[in-house]
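Before any comments, here is the structure.
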2 protein chains.
Amino acid sequence: MRRTSTETKSIILSAARERFAADGYERATIRSIAADAQIDPAMVMRYFGSKEKLFAAAAEFDLRFDALADVPRDQLGSAFVRHFLRQWEAGEALQVLLRTGITNDGAAERMREIFARQLAPRIAALTGDPANAPVRAAMISAQMLGIGLARYILRFPPVVAMSEDELVHWLGPTIQRYLTAD
Amino acid sequence: MRRTSTETKSIILSAARERFAADGYERATIRSIAADAQIDPAMVMRYFGSKEKLFAAAAEFDLRFDALADVPRDQLGSAFVRHFLRQWEAGEALQVLLRTGITNDGAAERMREIFARQLAPRIAALTGDPANAPVRAAMISAQMLGIGLARYILRFPPVVAMSEDELVHWLGPTIQRYLTAD
DNA sequence: ATTGATTGTCAACAGTTGTTGGCCTACAGT
DNA sequence: ACTGTAGGCCAACAACTGTTGACAATCAAT
């Protein structure tokens, strides 16, 4: 067949995202990604240069915290939890980052960057407390990454079994406290 | 040199733990482990049979939650946090599990097992609420794994910078709530 | 119809991986 | 001194990895 280069590129990209999310950086081989995309491995190299660069392209994304801009202050905790849970389920993005961030230094760096650049400023704006925003953001990241880890990666049965509402019920007050305490 | 087989075996084991903790399952190669232990890669195979079995041996450990047996009920949260933090820092055990559990299915299974077998029963005993113990244990695991992830693996600067006391200050009430709420 | 560029295929490379079998060396019991 | 056993080392294997270069097929513009 014959496609435009941008088509093929995006086919490769989504295959790469799935593989990275499912297998992590090392086990997601270029050959397996190419096989999923039904494409020659050499094409992956042609369009992305190297595995590192392919990964960099696959791990780019936006957590869209701007959606929380006009939530009443006392409901921020629940809103944050719901927003995060949907981000976990929407795309493979967060799963890619978590699976790879643990063995790949570049991915860990990317993760730090995303949370520092996207979450901390939002929290500074929402709480009007810029001084403590990085710590609050870090605590919230830790809690939400922990839940994602338990639910989507390690698959702890009780966490998998919980509904979104139950999770909000448990986590909402925690996040609310991390946002406002002290 | 010449050693007893049990000596060499334990030398290999501790080298393996370090490598698995630092690099994860895939990147911790038998050759690199053998090099650390200053022995021939073939010896690893002789004594452990395969990489899988070496890993199984390296990932065996005890979270020692029994140490929390006689903590006053209202201080359980802080005690849990302190205990966990020390477990993270004491040996490489938790880091091994987390680094590998994310790419290796066997390790994920082992992790579920450890938390279900060691944490949940303890919580059932401590709270006198066996029905909700698995959920509470899972929530606590998620929070503490999240912190370990942010502090020791992803190295989020604000989390790395916090002292043990600060972490207890933030996390203690959360864990206390997961233990007693509802 | 002939170009030139773009998309795709194929085969091979050099390096690394887990794993294996043969061989050497030290030691204990005779 | 001789021998059996157990610890240690070396070289090689087959499979797999990322990556590369040469070559074929397809299209658009002249």
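So you know, we letter chains A, B, ... as the sequences are listed, proteins then strands, and number each from 1. Reckoned from all heavy atoms, side chains included, excluding hydrogens, waters and symmetry mates.
Rounding to whole angstrom units, CD1 of residue B/I11 and P of D/dG7 are separated by 13 Å. Here D/dG18 presents its P atom at 14 Å from CD1 of A/I12, a figure rounded to the nearest Å. As rounded to whole Å, 13 Å separates atom P of C/dC10 from atom CD1 of A/I39. Whole-Å rounding puts the A/M43 CE to D/dG21 P distance at 16 Å. Taking atom NZ of A/K9 as the reference point, atom C1' of C/dT7 lies 14 Å away to the nearest angstrom. Note: CG (A/D40) to P (D/dG18) measures 14 Å, nearest angstrom.
Between the side chain of A/S32 and the main chain of A/A28, no donor-acceptor pair closer than 3.5 Å is present. With hydrogens and angles disregarded, a donor-acceptor distance shorter than 3.5 Å links the side chain of A/Q176 to the backbone of A/R73. For A/Q118 (side chain) and A/L63 (main-chain N/O), a donor-acceptor pair under 3.5 Å exists by modelled atom type.
Applying a 4.0 Å cut-off to non-hydrogen atoms, none of the residues of residues 95-110 of chain B approaches DNA chain C.
Below 30°, between 30° and 60°, or above 60°: for B/F115 and B/F84 the angle between ring planes is below 30°, a parallel geometry. Using bins of under 30°, 30° to 60° and over 60° for the plane-to-plane angle, the ring pair B/F55/B/Y25 lands in the perpendicular bin.
Dashed line: the shortest gap from a side-chain N or O of B/S5 to OP1 or OP2 of D/dA6 is not under 4.0 Å.
Heavy atoms of A/F48 sit nowhere under 4.0 angstrom from any nucleic acid atom.
In this structure, A/M144 CE and A/L94 CG are separated by 9.5 Å, a value rounded to the nearest 0.5 Å.
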Pairs under 3.5 angstrom, nitrogen or oxygen only, protein versus nucleotides 17-19 of chain C, please.
| from | atom 1 | to | atom 2 | distance (Å) |
| --- | --- | --- | --- | --- |
| C/dG18 | OP1 | B/I30 | N | 3.4 |
| C/dG18 | OP1 | B/K51 | NZ | 3.0 |
| C/dG18 | OP2 | B/I30 | N | 3.1 |
| C/dG18 | N7 | B/R31 | NH1 | 2.6 |
| C/dG18 | O6 | B/R31 | NH2 | 3.1 |
| C/dT19 | OP2 | B/K51 | N | 2.8 |

Below 3.5 Å between N/O atoms, which protein atoms pair up with nucleotides 23-30 of chain D? Just atom names and distances, please.
| from | atom 1 | to | atom 2 | distance (Å) |
| --- | --- | --- | --- | --- |
| D/dT26 | O2 | A/R2 | NH1 | 2.8 |

